[in-house]
Novice: 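Here you go, one structure.
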Amino acid sequence: MGHRPGDGRRLVSTSIVWFRRDLRLGDNPAWAAATSTSSQVVPLFVIDPDLWDRCSPRRIEMLTGHLSSLDRDLTEMGGRLRIERGAPADVVARVARETGSDLVQANADITPFARRRDEAVASEVDLRTWGGQWVHKPGTVLNQSGGTYQVFTPFYKAWIARHVDEWPEPGGVKLSDDPGGGWPDPVPDDGTYGEGAALARLDEFTRRVDAYPEERDRPDLDSTSRLSADLKWGTLAPRTILSTVGTASKARAAFVRQLAWRDFYAHLLAKFPHTLDGALKPDYDRIVWRHDPNGFEAWTRGLTGYPIVDAGMRQLVGEGYIHNRVRMLVGSFLVKDLLIDWRLGERHLRRHLVDGDTSQNVGNWQWVAGTGADAAPYFRVFNPVLQSKKFDPRGDYIRRWVPELAGLDSEHIHAPFDAPPLVLAEAGIEMGTTYPWPIVDHAEARERALAAYQRALG
């Protein structure tokens with residue numbers, strides 16, 4: 001028994017490929033290692049009820065669609081994806097006994113939960129893990145002292161200069177055709193699920209990537225890659241995106257830089273697992289957060305009285321997604337305007353986002369809260385009205401997600417609470433009835449937040 005990083009090879013009779021967040025066959029080192037060193041492979045996915053039962057319906061729908069697509073790909077190769085339900089340590093060990101498997105191949109994960117899970121599985125079977133979720137596996141991009149970077153820019157310079165490790169090449173192998181007994185209810189195949197659809201999205205984005213720097217912050221244009229969910233579920237490997245997009249232009253390099261951010265946050269959580277629930281900078285754990293259940297509920301429902309914030313939170317409900325620029329705004333509003341603990345927001349978004357990745361979510365929330373790996377000082381507070389005017393200049397994003405404000409012109413839609421009564425009346429809006437008054441004054445809230453941070457830091 002044991003848990004080893006993927007390195008050397010040995011020929012075995014039967015291997016299990018334990019799929020987790022790597023629901024693809026291409027550019028998948030765990031799959032490649034198993035198919036190139038085994039006579040038979042058992043493709044396995046385990047539904048852990050402790051996780052499944054806490055998933056939002058939209059996340060379950062997406063995961064189910066990806067699993068069905070992976071199963072179709074395996075069926076074309078003469079196999080099936082075996083799905084079982086239960087505690088992973090029990091299920092993987094049972095399937096290994098039933099199939100006579102000598103080895104379990106998987107792609108590593110670095111959350112505290114995943115580490116405990118894999119340690120439990122490794123006590124029962126021979127588990128070998130690979131770094132198929134990242135361009136550079138956590139722990140491989142180190143500073144000159146051999147430590148983990150805590151500032152992004154020097155990390156990025158080392159990350160982009162590092163060679164990409166070689167992975168095994170897949171081989172032809174007999175596949176198990178047992179589908180198992182744990183399949184969830186199917187979802188309609190609408191062509192958006194699985195590796196093939198993800199590759200098509202990557203190809204489509206690559207054709208327009210040169211507009212990325214100018215348009216990435218514009219939620220009204222919705223011109224980002226939308227590949228974050230594919231990275232979350234592993235229908236695309238980040239190395240595939242890196243090699244496809246490349247760095248031949250400033251725009252392409254700017255996009256690739258986002259892959260480096262993704263690796264950076266994974267490196268941080270792997271090295272500092274306490275950041276899941278605590279500040280990377282311990283002094284910030286002394287901040288006294290406000291207990292404001294009514295404010296938190298208004299935020300989750302998109303009823304704060306700040307249209308850009310409300311649009312983002314309603315997009316979360318409608319799509320299981322929020323535009324990246326708006327994620328920063330809704331996060332800043334919760335933490336700095338309402339002075340509500342960032343961990344409450346992090347958990348809410350992680351549960352509902354279809355691309356909710358733990359290390360990314362934690363890293364970004366700590367960035368917004370000023371408690372994490374960020375060279376900027378804590379007193380950065382986004383003004384929701386100014387940000388709205390800058391990045392949604394015509395108000396089209398707001399009109400889509402806050403339709404009760406659709407009748408306002410582009411001048412007043414960002415701050416209807418400042419609009420003249422006649423303008424509101426012509427748009428059919430009665431403040432406090434049609435749309436809420438702001439639940440907080442931004443200028444006053446900013447001063448309150450800065451004072452709370454200053455008290456915590458002594």
Side-chain angles (χ1 to χ4, degrees), residues 1-12 14-38 40-46 66 70 73-74 81 88-89 92 95-96 101-142 159 162-173 175 195 198 230-243 259-260 262-267 269-271 357-359:
M1 310 304 174
H3 179 194
R4 297 175 290 159
D7 43 27
R9 298 188 182 188
R10 63 185 178 90
L11 296 177
V12 298
T14 302
S15 292
I16 292 172
V17 176
W18 179 17
F19 290 94
R20 288 103 72 91
R21 290 180 45 205
D22 53 346
L23 304 180
R24 65 184 187 278
L25 302 181
D27 213 5
N28 184 332
W31 173 258
T35 57
S36 62
T37 59
S38 309
Q40 177 175 262
V41 165
V42 181
L44 174 67
F45 186 88
V46 180
H66 288 327
L70 178 59
D73 292 342
L74 291 166
L81 177 63
V92 175
V95 173
S101 296
D102 305 290
L103 182 64
V104 178
Q105 302 269 14
N107 284 300
D109 203 346
I110 45 82
T111 67
F113 171 86
R115 288 179 168 183
R116 293 191 298 270
R117 175 199 62 196
D118 289 357
E119 288 170 0
V121 171
S123 70
E124 301 290 337
V125 301
D126 190 0
L127 174 65
R128 183 174 298 177
T129 58
W130 301 81
Q133 292 198 54
W134 309 284
V135 175
H136 300 307
K137 188 176 181 179
T140 62
V141 181
L142 302 174
W159 181 90
R162 189 182 187 275
H163 74 278
V164 176
D165 294 334
E166 292 186 6
W167 284 348
E169 291 293 329
V173 67
L175 300 180
E195 184 177 2
D230 292 309
L231 287 167
K232 154 66 182 176
W233 301 109
T235 50
L236 274 181
R239 291 176 22 158
T240 300
I241 298 176
L242 174 63
S243 62
L259 294 177
R262 183 175 181 274
D263 274 15
F264 177 57
Y265 285 143
H267 278 64
L269 186 59
K271 180 63 177 179
D357 173 279
T358 300
S359 62

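No hydrogens, no waters, no symmetry mates; every other heavy atom, side chains included, goes into these values. Quick caveat, the model's predicted, so the values are computed rather than measured.
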Novice: Looking only at heavy atoms, which two atoms of Trp31 and Pro43 are closest? And how far apart?
Specialist: CZ3-CG, 4.3 Å

Novice: Would you check if Leu269 and Thr111 make a side-chain contact, meaning some heavy-atom pair closer than 4.5 Å?
Specialist: yes

Novice: Is a side-chain N or O of Arg162 found less than 3.5 angstrom from the main chain of Thr140, in a donor-acceptor match?
Specialist: yes

Novice: Are the side chain of Gln133 and the backbone N or O of Gly234 linked by a donor-acceptor pair below 3.5 Å?
Specialist: no

Novice: Just say parallel, tilted or perpendicular for the rings of His136 and Trp159, cut-offs at 30° and 60°.
Specialist: perpendicular

Novice: What pair of heavy atoms forms the shortest contact from Arg24 to Phe19, and how long is it?
Specialist: O-CE2, 3.5 Å

Novice: Is there a donor-acceptor contact under 3.5 Å from the side chain of Glu195 to the main chain of Leu25?
Specialist: yes

Novice: Arg20 and Asp109: salt bridge (Lys or Arg N to Asp or Glu O under 4.0 Å), yes or no, with the steps?
Specialist: CA-CA 9 Å; Arg20 288 103 72 91; Asp109 203 346; over 6 Å; no

Novice: If we check side-chain contact (heavy atoms from CB on, under 4.5 Å) with Pro29, which of these qualifies: Thr129, Asp165, Asn107?
Specialist: Asn107

Novice: Strictly distance-based, threshold 3.5 Å: is any side-chain N or O of Asp263 a donor or acceptor partner for the main-chain N or O of Trp134?
Specialist: no

Novice: Between Asp357 and Tyr265, is there a side-chain heavy-atom distance shorter than 4.5 Å?
Specialist: no

Novice: Does any N or O in the side chain of Thr35 come within less than 3.5 Å of the main-chain N or O of Ala32, such that one atom is a donor and the other an acceptor?
Specialist: yes

Novice: Indicate the atoms forming the closest heavy-atom contact of Thr14 with Val42, along with that distance.
Specialist: CG2-CG2, 4.0 Å

